[in-house]
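For reference, the structure is listed below as structure tokens.
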There are 2 protein chains.
Amino acid sequence: MVSITEENYLKSLLQLRLNKGKEEGVGTNELAEYLSIKPATANDMLKKLKEKQWVDYEKYGKIFLTKKGKKIAIEVLRKHRLWETFLYEKLSFTWDEVHEVAEQLEHIQSIKLIDKIDEMLGFPEFDPHGEIIPKKNGEFKIHFKKTLDEIAIGESCKMVSVNDNSTTFLQYVVKVGLGINNTIKVLSKQSYDDLIEIEVNGHISSVSQRFAKNIFVICKNCETSKTCSNKHFEHTD
Amino acid sequence: MVSITEENYLKSLLQLRLNKGKEEGVGTNELAEYLSIKPATANDMLKKLKEKQWVDYEKYGKIFLTKKGKKIAIEVLRKHRLWETFLYEKLSFTWDEVHEVAEQLEHIQSIKLIDKIDEMLGFPEFDPHGEIIPKKNGEFKIHFKKTLDEIAIGESCKMVSVNDNSTTFLQYVVKVGLGINNTIKVLSKQSYDDLIEIEVNGHISSVSQRFAKNIFVICKNCETSKTCSNKHFEHTD
DNA sequence: TTTTTTTGTTAGGTAAGCTTAACTTTATTA
DNA sequence: TAATAAAGTTAAGCTTACCTAACAAAAAAA
């Protein structure tokens, strides 16, 4: 049996790990800060999680999820992101409203329920924030999100979300011809005025650094690309 | 703030009250039994609920929900029944599967969520078990469920559910011309062989006591009818 | 290298929700 | 009405998940 609290610890360990790319292992204080609890509390729980073989660490050392622990964490993350998608797609919640409710819904214990929700949504790949949704079988290839300005010249990427929900910005996004799931190729970058030349659907336009920083993308084929500096997460221990 | 445990206590007090018609007030042991906890535990919690003014009782006396407490309990019951309907209607859960999951979902704190689910379902009146769903405004006129054999001669009622889900029985139900929401009028009862003569959609048939005991109905206009022995629940204290 | 800061651990304590065991009050029935 | 049974209460104790305060280890800076 996994308690709701335990699920939250495991999920947080996974998320902290995902937020930092190659550098592995999470610290006690870091975890405590993330969960808004005191380090002493986190330390107590970590002992318990270690005993249950969901995490592994040495005294004063970094904390790692075990294979079992990672499996649980990925399942919770899957539920969270599917519920967010459900709220957004089916119940017209806004981006900023979905998280709080999904934090509760992610702990509902019913495999059938979440699989049915998955089915109802058409087995979506990404949630409303552009985050990848783990598959039922635990498959979870992480493409760390980047902003458009981080993409190298010649590289292609896929737009997944935006970092600015103002009407002004969103209207500009539409004007440039951009939208969720569009493939964007970075053609060139002007060092003089920092403009980025991009190609979307065969149409070429130039955007500013400021604009590009508000466009979230994931790398295309970043596993094979040499120029891609993306960070990968090994989900198969 | 209402904890999940507190919500369950209040909901159970309401349900126990509903299950017994006129006889008001619930006992400590009765409540404990219903919640599968020990009377001592229930007693502790009841003190807390009294302090929060959600229940009222005197030492060694029967327990009553206050107006505030009843409001919370009705909200939880509303959520429970709407979630059951959602699972049944939208995710093709079966009758026996919905309850367990709804027990968890009923505690999700989001007014917007449950109102949107209500809307998605077309503001249903009854859940898959034929139980009435309280309205958003707290309106909750209880028609205690009866079985068809309890209906007096000359009285009309509405079929809401069945107590036997076997294929044999259900096929028989269809053959007799019965279905959910049908209005049934009891024409006569034969004392010799206990057959009940009913009228459904202008069609007259006779059914056995055994059959009638498996048909759940609610009284029509039972508030005004003198012959109706139905029990009423005052929801406006 | 020594000092200081950061990070992690231990010990003792609290509140919620549960338990058992012993007891009191109320209700039943002989 | 007195004995017995049922219902309700109290007290002491457990577990989970949190806290503060004091301390130890590791890392960073002087």
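Both backbone and side-chain heavy atoms feed into the values below; hydrogens, waters and symmetry mates do not. Below, read A as the first sequence line, B as the second, and so on, with proteins coming before strands; counting in each chain starts at 1.
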Whether the [X] and [Y] side chains hold a donor-acceptor pair (N or O, under 3.5 Å, no angle test) is what I'd like checked.
X      : Y       : answer
S12(A) : Q15(A)  : no
E97(A) : Y88(A)  : no
H80(A) : D127(A) : no

Using atom [atom1] of [X] as one end and atom [atom2] of [N] as the other, report the distance to the nearest whole Å.
X      : N       : atom1 : atom2 : result
L46(A) : dA17(D) : CG    : P     : 13 Å
K47(B) : dT10(D) : NZ    : C1'   : 7 Å
Y9(A)  : dT16(D) : OH    : C1'   : 11 Å
N43(A) : dA24(D) : CG    : P     : 15 Å
E7(A)  : dA17(D) : CD    : P     : 12 Å
I63(B) : dA7(D)  : CD1   : P     : 13 Å
E30(B) : dA7(D)  : CD    : C1'   : 11 Å

Nucleotide N/O to protein N/O under 3.5 Å, stretch nucleotides 19-21 of chain D:
unit_1: dC19(D); atom_1: OP2; unit_2: K38(A); atom_2: N; d: 3.0
unit_1: dC19(D); atom_1: OP2; unit_2: T41(A); atom_2: OG1; d: 2.6

Query raised in the report: Which is the 5'-most and which the 3'-most nucleotide of DNA chain C that has an atom under 4.0 Å from a heavy atom of chain B?
Result: dA16(C) to dT26(C)

Query raised in the report: Of I4(A) and K59(A), whose closest DNA chain D nucleotide lies nearer the 5' terminus?
Result: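 Nearest-nucleotide comparison on DNA chain D picks I4(A).
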
Query raised in the report: Around atom CD of Q209(A), are there more than 12 heavy atoms of other residues, nucleotides or ligands at under 6.0 Å?
Result: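 More than 12 heavy atoms, drawn from other residues, nucleotides or ligands, come within 6.0 Å of this atom.
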
Report task. Tell me, with the steps shown, if E84(B) and F93(B) meet side chain to side chain contact (heavy atoms under 4.5 Å, CB included). Result -> CA-CA 9 Å; E84(B) 283 198 343; F93(B) 274 60; over 6 Å; no

Report summary line: Rounded to the nearest 0.5 angstrom, the NZ-CZ distance for K135(B) and R78(B) is 8.5 Å

**Report entry** For K68(B) against W54(B), the heavy-atom pair lying closest together
**Finding:**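 The answer is CB-CD1, 3.9 Å.
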
Query raised in the report: If only side-chain N and O atoms of T5(A) are considered, is one of them under 4.0 Å from the OP1 or OP2 phosphate oxygen of dT16(D)?
Result: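 No, because none of the side-chain N or O atoms of T5(A) sits under 4.0 Å from OP1 or OP2 of dT16(D).
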
Query raised in the report: How about K47(B) and N43(B): do any of their side-chain heavy atoms sit closer than 4.5 Å?
Result: yes

Query - From E75(B), E6(B), E103(B), residue fulfilling salt bridge (Lys or Arg N to Asp or Glu O under 4.0 Å) relative to K11(B) - result: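 The single option meeting the salt bridge (Lys or Arg N to Asp or Glu O under 4.0 Å) with K11(B) is E103(B).
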
